[in-house]
There are 2 protein chains.
Amino acid sequence: MSREKDITIYDIADKLGVSPSTVSRALKNHASIGSSTRQRIITMANDMGYQANTFASNLRKQKTNTIGIIVHELNSNFITSVLSGIEKIAAQANYDLIIAHSSETSKKEAANASNLFHKRVDGLIASLAFDTDNLAHFKQFRDKNIPVIFFDRVFEEMEGTKVVINNFKAGYDATAHLVDQGCTRIACVTSNLKRNVYSERLRGYRQALQDKGMHYDEKLTIVDGLAEEDAIRSAKKILAMKPLPDGLFITNDFCAAVIMQTLKDAGLHIPADIAIVGFNNDVISKVIDPKLTTINYPGFEMGQVVARNLLNHLRGGWNINHTNTVIIKSELIIRGSSLKKNAGPQ
Amino acid sequence: MSREKDITIYDIADKLGVSPSTVSRALKNHASIGSSTRQRIITMANDMGYQANTFASNLRKQKTNTIGIIVHELNSNFITSVLSGIEKIAAQANYDLIIAHSSETSKKEAANASNLFHKRVDGLIASLAFDTDNLAHFKQFRDKNIPVIFFDRVFEEMEGTKVVINNFKAGYDATAHLVDQGCTRIACVTSNLKRNVYSERLRGYRQALQDKGMHYDEKLTIVDGLAEEDAIRSAKKILAMKPLPDGLFITNDFCAAVIMQTLKDAGLHIPADIAIVGFNNDVISKVIDPKLTTINYPGFEMGQVVARNLLNHLRGGWNINHTNTVIIKSELIIRGSSLKKNAGPQ
DNA sequence: TTTAGCAACGTAACCGATTGCGGCAGAAAA
DNA sequence: TTTTCTGCCGCAATCGGTTACGTTGCTAAA
């Protein structure tokens, strides 16, 4: 039970007959400490197993060297890639990360935001939850001039820095590809249109149809959740369409996988009967049959961009309120699920 | 740039003409503060938007109310379920979480451990990385009597608390099921045998074969990584076996999915030619075709058990060094990929 | 009327690192 | 020899809560 006492700079100072301030300065390579003294201190600190007390330091410096991250979920390949990217850059700059996830609910997102604020993170990175419709819980950061950067799920009209892909173009490309494959009746399965990612992809879909001389039919657009049960429901709606669509643009790979499975169970052939394009290039897209045509969403790169951007703010150079949108490149990856033209009967 | 000053208990004390200690005590419902004074203080604190400074508090209390978690990866359904379970229990007890992931490398695991130690977490929860072969980086916690609990990936012979499933039994059940389905030549694809989960599953596989009167053939066991490229390599090894096996026990769902896909690409039929059983009941098991028979690994429940156990240590009652292994129930979920007996020709 | 006794607060010493300011010795300049 | 720099380092305040201990004023028991 007895937890031994930690070594402090006072212990080191006593042993060496110097003052604590000298130890403090020596340990951070302050210029005004003689090199021999510095060496003795550093050696002694190592010998004694000194570990700086973060709380004392943070308390005094009013700064934590910590970046808070709020994501909508953890269990997607895309998100974990982003986290890796952020981590890489943050580690180089000696920043720590605290990762929180909102489980797609605005309520938990707000709780996480307060918690991270309370923990006094130096900066915040966030991707909005499914049902977030106001940014009040981020206001406290703005008020204290703590930089907040959004990625992926953002509010378009919001001030501040955002890092996104061109969801419009991605939706456009996906749809145009289906048209090029000969599809004439293309349905779109997407999700909460309050989220930029879904509304923009839908906009791209509509624009592509228009440019290709096809008219947009509202009945062919399904807006629902992305979980398994939602996807099954969407699949049933598709099966109930008369006539059946011959192409599907589904704005999420997992959802696309479930829908594809459900359609196959119903006796349909992919892509012969219905061609499918997903979104995200999740690992799942490569292990289903046929493999899923999808949009590559480069999470690792996005994470790095986000982190670098935040660090620039933190170093003080950049104006926090300056609206700055960074667009990451994404592209269509063509696989079997959409190749109608040279596809055999399964 | 100018970040405004935070409200402190001194500010509140001044406004109310009481002492800071009274404010401190009032805000945490200390008994020795009159209820009217307490009310005035709480009201004023809210009005002024007071937020306690965690660092000052932690510094003084020598305690952080934070639990550190090190997992091998984030992008698996199982792990995120465990995290949810931990979070639920921890939140109830007002503990915060810091989640770190080792990306399956012992090196990052050690770095994370040091970092969390340095952050002075009150307790640690960990699942070992793929290649961890010693626990030196956890020693610092033991030395300071900070409880550490391992789950899923553990060292069997290690002291301390562990929360696991019965991997032996799971491997046994999976294999026995394949035998019952009429398989006579069952291969096993597993991973690093230094990790208890894989070695135990393999042991269960061998025992089941023996009990069913079949002999163990070393050539039918493949030990490799679990990433996509590893799985493809394993699939090729399987395809090169002569004669081909008619049953596969693969100790990971994602790996099983990739192998199944590769085998199908090679013209084999599942389960008619080869029956397959996976492990984890990951979402992926339900969206591949045929759906994967697998072992249900109840992550959410496991997370709750782990957290509750840790909290008991933290509350001081339990002896940290007392070896205590908790076994969570798991069971076989039978789906199409292994149903040879009543399976048509795909 | 005295004196315990207690409820309700205040005082001040921490927790450990950081840092502005100042001191002191030896070297260089006058 | 005296003065002025520097280089190197110590003093002490500070960050914001927490808490052991002491101090009030008032009630109830002696």
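All values reported here derive from a predicted model rather than from experimental measurement. So that the names make sense, note that chain A is the first sequence line, chain B the second, and so on, each numbered from 1.
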Q. Roughly how bent is the helix from dA4(C)-dT27(D) to dA30(C)-dT1(D) end to end, in steps of 10 degrees, with each end axis from five pairs?
A. 60°
(Q) Can you confirm if the aromatic rings of Phe141(A) and Phe117(A) lie within a centre distance of less than 6.0 Å? (A) yes
**Q.** Qualifying residue for side-chain contact (heavy atoms from CB on, under 4.5 Å) with Ile149(A), from Ile69(A), Ile67(A), Val306(A), Leu124(A)
**A.** Val306(A)
Q: Please list residues of residues 29-46 of chain A whose heavy atoms come under 4.0 Å from any atom in DNA chain C, ordered by number; otherwise none.
A: none
Q: Give, for atom CD1 of Ile89(B) and atom OH of Tyr95(B), the distance between the pair rounded to the nearest 0.5 Å.
A: 13.5 Å
**Q.** Name of the residue among Thr8(B), Val18(B), Asp11(B) meeting side-chain contact (heavy atoms from CB on, under 4.5 Å) with Val23(B)
**A.** Val18(B)
Q) Per the side-chain contact (heavy atoms from CB on, under 4.5 Å) rule, which among Ile99(A), Val148(A), Leu310(A) passes with Ile125(A)? A) Leu310(A)
Q: Looking at every strand, decide which applies to Val23(A) at a 4.0 Å heavy-atom threshold: base, sugar-phosphate, or nothing.
A: nothing
Q. Taking 4.0 angstrom as the limit, do Asp131(A) and Lys107(A) come out as a salt bridge?
A. no
Q. Out of curiosity, Ser106(A) OG to Asn134(A) CG, how far, rounded to the nearest 0.5 Å?
A. 6.5 Å
Q. How far apart are the closest heavy atoms of Phe130(A) and Glu104(A), and which atoms are they?
A. N-OE1, 2.8 Å
**Q.** Per-nucleotide protein contact string for nucleotides 13-19 of chain D, where B marks a base within reach and S marks sugar-phosphate only (heavy atoms under 4.0 Å, - for neither)
**A.** BBBBBBB
Q.
Once you measure the plane-to-plane angle for Phe138(A) and Phe150(A), does it fall in the parallel (<30°), tilted (30-60°) or perpendicular (>60°) bin?
A. perpendicular
Q | Exercise: do Ser19(A) and Thr22(A) side chains pair donor with acceptor under 3.5 Å | A | yes
Q. Just how far, in rounded Å, is C1' of dT19(C) from CG of Asn58(A)?
A. 16 Å
